[in-house]
2 protein chains.
Amino acid sequence: MTRAASRQNPTRIQREKTEAILAAALEVFSTMGFRGATLDQIAETAGLSKPNLLYYFASKEDVHRMLLERLLDTWLEPLRQLDAAGDPGEEIGAYIRRKLEMARDYPRESRLFAGEILRGAPHIADLLAGPLKALVDEKAAIIAGWAAQGRIAPVDPRHLIVTIWAVTQHHADFAAQLDALFGPDDSRRFREAERFLAGLFDRGLAPPDHPQG
Amino acid sequence: MTRAASRQNPTRIQREKTEAILAAALEVFSTMGFRGATLDQIAETAGLSKPNLLYYFASKEDVHRMLLERLLDTWLEPLRQLDAAGDPGEEIGAYIRRKLEMARDYPRESRLFAGEILRGAPHIADLLAGPLKALVDEKAAIIAGWAAQGRIAPVDPRHLIVTIWAVTQHHADFAAQLDALFGPDDSRRFREAERFLAGLFDRGLAPPDHPQG
DNA sequence: TCCGAATTTGACCATCCGGTCGATAAAACA
DNA sequence: TGTTTTATCGACCGGATGGTCAAATTCGGA
């Protein structure tokens with residue numbers, strides 16, 4: 001068999017090398033972009049030769065695609081945890097906190113996605129229209145329910161979700177800009193951001209009748 | 001003179017061709033990224049040959065750099081208009097509206113910047129640390145004054161500014177994702193976004209003592 | 001109209017890069 | 001140990017691409 005990646009029962013070496021390649025590809029793709037990254041770079045980072053890399057993946061696009069597919073799942077985990085049975089304010093606050101933590105702890109993943117979307121999502125358009133939309137619609141319905149019950153302000157739930165994405169992922173994707181404005185002290189900046197966003201959304205989503213507590 | 005772009009008194013042709021090239025470069029760079037764009041593509045879009053393009057610009061990087069430098073000025077105009085003498089709520093609301101309009105009307109400019117920042121701002125690091133930081137610090141001081149006077153909630157003014165950037169530019173930079181989630185009806189989406197953001201920031205920034213009007 | 005300066009381009013070069021191939025080495029297994 | 005399968009890589013290919021150059025054409029002012 002010439003194409004190792006397509007095997008049904010991958011060997012130990014196949015598993016290890018595939019992981020090493022994907023880890024290296026995340027590093028290189030997220031900092032250089034798809035076009036800016038080279039297979040030689042990825043191979044060197046992964047500790048093997050280019051032909052050897054291409055023994056495990058059919059093409060550069062294949063590496064990229066598999067990386068994105070694997071990552072999307074992790075990336076959506078914070079939203080999946082949004083619980084219809086919880087307290088609306090706490091659930092949304094916790095969601096913002098989890099997303100901000102992901103931006104802090106996984107900036108490469110965030111940048112990889114940002115770069116892909118920025119170029120029109122050519123490799124994952126179907127994932128956006130499929131699993132992503134499905135999850136967003138599901139959770140938007142929960143939020144809409146909270147709004148209808150007067151437990152949060154009557155806001156458009158999908159705009160709420162994408163706005164939370166914007167404000168949290170911004171801290172990974174635009175880190176270079178934030179470094180220039182705030183200085184390079186990341187941990188302090190993230191603490192301030194969490195405080196700012198918690199306050200903004202807490203007040204901004206408080207139901208009109210009852211002042212937030 | 002071999003390098004037309006460096007002349008003191010540009011001819012009519014120099015002005016026209018330089019503009020055509022920059023317009024074409026904006027189109028190509030913003031959709032393909034710096035690495036993904038080719039000089040042939042830019043030249044063809046601008047209606048001339050590649051060597052002719054290189055008669056006006058010394059290199060691909062030169063085109064990119066001049067584009068970014070010119071654009072930054074336009075891009076910061078909405079923030080420049082933030083008026084210390086105005087009503088805080090109205091000023092910030094108007095700022096959000098202007099930024100959202102720019103994301104709607106100039107998505108290519110937004111994407112060009114986003115791509116540059118995403119890759120670590122290699123070509124404009126000095127612009128971020130210089131004019132950008134200066135303007136942000138100036139306007140942050142105004143907002144801090146409003147907060148100190150109790151005219152808005154006591155929030156970190158710089159985080160407010162970058163958060164407004166995030167939520168507005170998101171509508172240009174992540175348009176592909178929003179298309180997948182909302183469908184392709186841009187004008188409706190922007191109307192909803194304006195309404196959502198106006199409400200969120202209006203309530204989120206209202207001073208704690210006085211309920212917002 | 002004439003002339004020097006400015007403009008334009010076809011042909012070309014060097015390099016980079018994704019991908020292939022055949023030969024070799026290392027595992028896995030019997 | 002012998003044999004088959006798997007893994008590795010040096011050398012190479014072809015196309016794309018940034019950039020050069022010299023020759024040709026056009027422009028603009030006197």
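Residue numbers begin at 1 in each chain, while the letters A, B, ... track the order of the sequences. Worth saying up front: this structure is predicted, and the values here are computed from it rather than measured.
- Checking D:dT6, C:dT9, D:dC9 against every side-chain atom of A:Q14, the shortest atom distance belongs to D:dT6.
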Polar atom pairs (N or O), protein with nucleotides 21-27 of chain C, under 3.5 Å:
none

Let me have the donor-acceptor pairs involving side chains of residues 132-141 of chain B, under 3.5 Å, with sequence neighbours excluded, atom names and distances please.
| unit_1 | atom_1 | unit_2 | atom_2 | d |
| --- | --- | --- | --- | --- |
| B:K133 | NZ | B:D137 | OD2 | 2.7 |
| B:K139 | NZ | B:R80 | O | 3.1 |
| B:K139 | NZ | B:L82 | O | 2.8 |

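- Ring geometry, B:H159 versus A:H171: the interplanar angle falls under 30°, so the pair is classed parallel (tilted spans 30 to 60°).
- The side chain of A:Y55 contributes no N or O atom lying less than 4.0 Å from OP1 or OP2 of D:dT8.
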Per-nucleotide pairing state of DNA chain D [Watson-Crick or G-U, under 3.5 Å; [ ] pseudoknot-crossing; | other strand] = ||||||||||||||||||||||||||||||
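- Rounded to an integer number of Å, the gap from NE2 of A:H64 to P of C:dG18 is 13 Å.
- Between B:N52 atom CG and D:dA22 atom P the separation is 18 Å, expressed in whole Å.
- Sorted by first and then second residue, the salt bridge (charged side-chain N to carboxylate O under 4.0 Å, His left out) pairs with a member in residues 154-174 of chain A form an empty list; sequence neighbours excluded.
- The residues B:E101 and B:R97 are annotated as not salt-bridged, no charged nitrogen and carboxylate oxygen being separated by less than 4.0 angstrom.
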With the criterion being N/O to N/O and under 3.5 Å, what pairs connect the protein with nucleotides 13-18 of chain D, and how long is each?
| unit_1 | atom_1 | unit_2 | atom_2 | d |
| --- | --- | --- | --- | --- |
| D:dG18 | OP1 | B:A37 | O | 3.2 |
| D:dG18 | OP1 | B:K60 | NZ | 2.9 |
| D:dG18 | OP2 | B:L39 | N | 2.8 |
| D:dG18 | N7 | B:K50 | NZ | 2.9 |

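- Distances shown here put every side-chain N or O of B:K17 at or beyond 4.0 Å from the OP1 or OP2 atom of C:dA6.
- Salt bridge A:E19/A:R15: absent, no basic N to carboxylate O contact under 4.0 Å.
- In this structure, CD of A:E16 is placed 14 Å from C1' of D:dT6, rounded to the nearest angstrom.
- Although no hydrogens or angles enter the test, the distance criterion places no donor-acceptor pair under 3.5 Å between the side chain of B:E109 and the main chain of B:L71.
- In this structure, the CD1 atom of A:I42 is 8 Å from the P atom of C:dG18, given to the nearest Å.
- C:dT7 atom P lies 13 Å from atom CZ of B:F57, rounded to whole Å.
- A:L48 has its CG atom 7 Å from the P atom of D:dT8, to the nearest Å.
- By the 30° and 60° cut-offs, the orientation of the rings of B:F29 relative to B:F34 is parallel.
- Taking atom CD1 of A:I21 as the reference point, atom C1' of C:dG18 lies 15 Å away to the nearest angstrom.
- A straight line from CG of A:D62 to P of C:dT20 spans 11 Å, rounded to a whole angstrom.
- For the salt bridge (charged side-chain N to carboxylate O under 4.0 Å, His left out) condition, the pairs that include at least one residue of residues 44-66 of chain B, sequence neighbours left out, are B:D40-B:K50, B:D62-B:R65.
- With values rounded to the nearest 0.5 angstrom, B:Y95 atom OH is found 9.0 Å from B:L160 atom CG.
- Among B:R189, B:R195, B:R188, the one residue that satisfies the side chain to side chain donor-acceptor pair (under 3.5 Å) test with B:E192 is B:R188.
- Minimum heavy-atom separation, B:R119 to A:S30: NH1-O, 3.1 Å.
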